[in-house]
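Following: one structure in structure tokens, then a few remarks.
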There are 2 protein chains.
Amino acid sequence: MNPHHTHQSLSLAIRNRITAGEWPPGTVMPSETDLAQEYQCARATMNRALQVLADSGLIERKRRAGTRVMPLPSSLAKIEIPIIRHEIEKRGAAFGHSILMRETAPAPEKVARQLHLRKGTRALHLKTLYQSDQEPFAYEDRWVNIQAVPAISTAPLDEVSPNEWLVRDVPYSSGYVSFSASAAGSEEAAALGTRPGAALFTVSRTTWLANRFITTVTLSYRPGYQLQTKL
Amino acid sequence: MNPHHTHQSLSLAIRNRITAGEWPPGTVMPSETDLAQEYQCARATMNRALQVLADSGLIERKRRAGTRVMPLPSSLAKIEIPIIRHEIEKRGAAFGHSILMRETAPAPEKVARQLHLRKGTRALHLKTLYQSDQEPFAYEDRWVNIQAVPAISTAPLDEVSPNEWLVRDVPYSSGYVSFSASAAGSEEAAALGTRPGAALFTVSRTTWLANRFITTVTLSYRPGYQLQTKL
DNA sequence: CAGTGGTCTAGACCACCAG
DNA sequence: TGGTGGTCTAGACCACTGA
């Protein structure tokens, strides 16, 4: 049999039949076996094609119950959170950063909770400004669990930004992320060259690696920043 | 051969070896064939396991060049943009909405460009307030391409919100999404019960289906709203 | 040009669960 | 309990691309 059907082309074909309304939302589609026969391909191939659609949230698959078109599709967006330096350099600008503050201090309760530290444990507190062509780009307020990453105490953070240093030293960590809008505080406003109260796009992350909580960070971008994606 | 190794378990095993530092960032990993032999599984199984890791951005695979651990992992977050009513009801609150404005008007240039309409073409302009337990939750400013969705002209949008009506009538559309922060205008501030200039989390979308542009919408959430995810 | 990943196939067994 | 999706296997061929 000629492999004229790739799982990609099958995926696309099925997707089109769904968007064309052939199987309305909530209805059950033909089984893998039937579809494979219709397209004259192996069931494994059709299986893979359907898995792609299931991953993208278009259909739902259950054993015995069959394949069902999702009744009310909620949009799934895949967002890539770039390393700031890459983001700036991609736009052809020069990247720079400056450490505005670096101290070891007892973690405030909120931070201690996020990093699973006992209240009052000392942690590294960093405030950093990221610049694009000398212009302020983003303001970062970060706490690092020294017990998990002792090496950061002696890291040359003036040369390698905290962001990148952590990515290099503790890659592949897991984390929580939240996106929100916040009003600029006086410090952020001064650093970003805007007025206090300005609307800033804010990304907060807490990351860990194998049960060791590494860092919690709040990143505020300069006014006008947008995070874009396709769905 | 006993299928003691599922592609999931293999995926996890390989991921752990990577995070443990066995193959540092940027280095080349053993080939599919070798890994399959090491784990005593079929190459197809190992292939699928590695594809999972490649999809999540942990490794990069190229023919002939082999499988390489990504040098500087940029975080990939999968975000689900929920239907507003579901989001509110999930929190146990009562959903409500009111149409603040509904008119047919020539599309402003910016809107016309996004919807690929000729300048001045008339389109449906809607402003809607979404409520959670009577409290304002989000403010929506939407333009709909009447040519693409003529039925919306007569839709009972007081009963079914524009958001949901479009999801039902034009499901499975594609789109661009962007996240940002914006200062509340006087209208939004009044609707959301906050002061003008307040920092609002804003989601803008433009969606289409098979070359027909459907709608462009800007959704501003009440102050304090967060969009969360795990990575 | 040789080695790598990408994919298809045919067959098999299993896990789940609605009827 | 039978039909459905989930998965593994062994083998094969192809596409790409670096040495």
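In what follows, every chain begins at residue 1, and chains take the letters A, B, ... in the order their sequences are listed. Predicted, not measured: the structure shown is a model, and the values here were computed from it.
Computed from coordinates, the A:Asn47 CG to C:dA12 P distance equals 18 Å when rounded to whole Å. Rounded to whole Å, atom P of D:dA19 lies 17 Å from atom CZ of B:Arg63. A:Leu53 places its CG atom 15 Å from the C1' atom of D:dG5, with the value rounded to the nearest Å. When rounded to the nearest whole Å, the span between NE2 of A:His5 and C1' of C:dC8 equals 12 Å. Between B:Arg61 atom CZ and C:dT7 atom C1' the separation is 12 Å, expressed in whole Å. Distance, A:Asp55 CG to D:dG5 P: 16 Å, rounded to whole Å. If you take CD of B:Glu32 and C1' of D:dC8, they are 15 Å apart, rounded to a whole angstrom. Rounded to an integer number of Å, the gap from CD of B:Gln37 to C1' of D:dG11 is 16 Å.
Nearer the 5' end of DNA chain C, as judged by each residue's closest nucleotide, is the contact made by A:Leu10, out of A:Arg64 and A:Leu10. Taking for each of B:Ala44 and B:Pro30 the nucleotide of DNA chain C with the nearest heavy atom, the 5'-most of the two is the partner of B:Pro30.
Within a 6.0 Å radius of CD in A:Gln37, no more than 12 heavy atoms belonging to other residues, nucleotides or ligands are found.
Here the CG atom belonging to A:Leu58 is positioned 11.5 Å from the OG1 atom belonging to A:Thr67, to the nearest 0.5 angstrom. With rounding to the nearest 0.5 angstrom, the CZ atom of A:Arg48 is 4.5 Å from the CD atom of B:Gln51. With values rounded to the nearest 0.5 angstrom, B:Ser98 atom OG is found 14.0 Å from B:Lys127 atom NZ. Within the model, atoms CD1 of B:Ile146 and OG1 of B:Thr215 stand 11.0 Å from one another, a figure rounded to the nearest 0.5 Å.
Between C:dT7 and B:Gln51, a contact under 4.0 Å exists linking OP1 or OP2 to a side-chain N or O. Contact annotation: B:Thr67 reaches the phosphate of C:dG5 (side-chain N/O to OP1 or OP2, under 4.0 Å). Dashed line: the shortest gap from a side-chain N or O of B:Thr45 to OP1 or OP2 of D:dT9 is under 4.0 Å. In terms of phosphate contacts, A:His7 brings a side-chain nitrogen or oxygen within less than 4.0 Å of OP1 or OP2 of C:dT7. Using a 4.0 Å cut-off, no side-chain N or O of A:Gln8 falls inside it from OP1 or OP2 of C:dG6.
For C:dG6, the base has a donor-acceptor partner in the side chain of B:Arg43 [N/O atoms by modelled type, under 3.5 angstrom].
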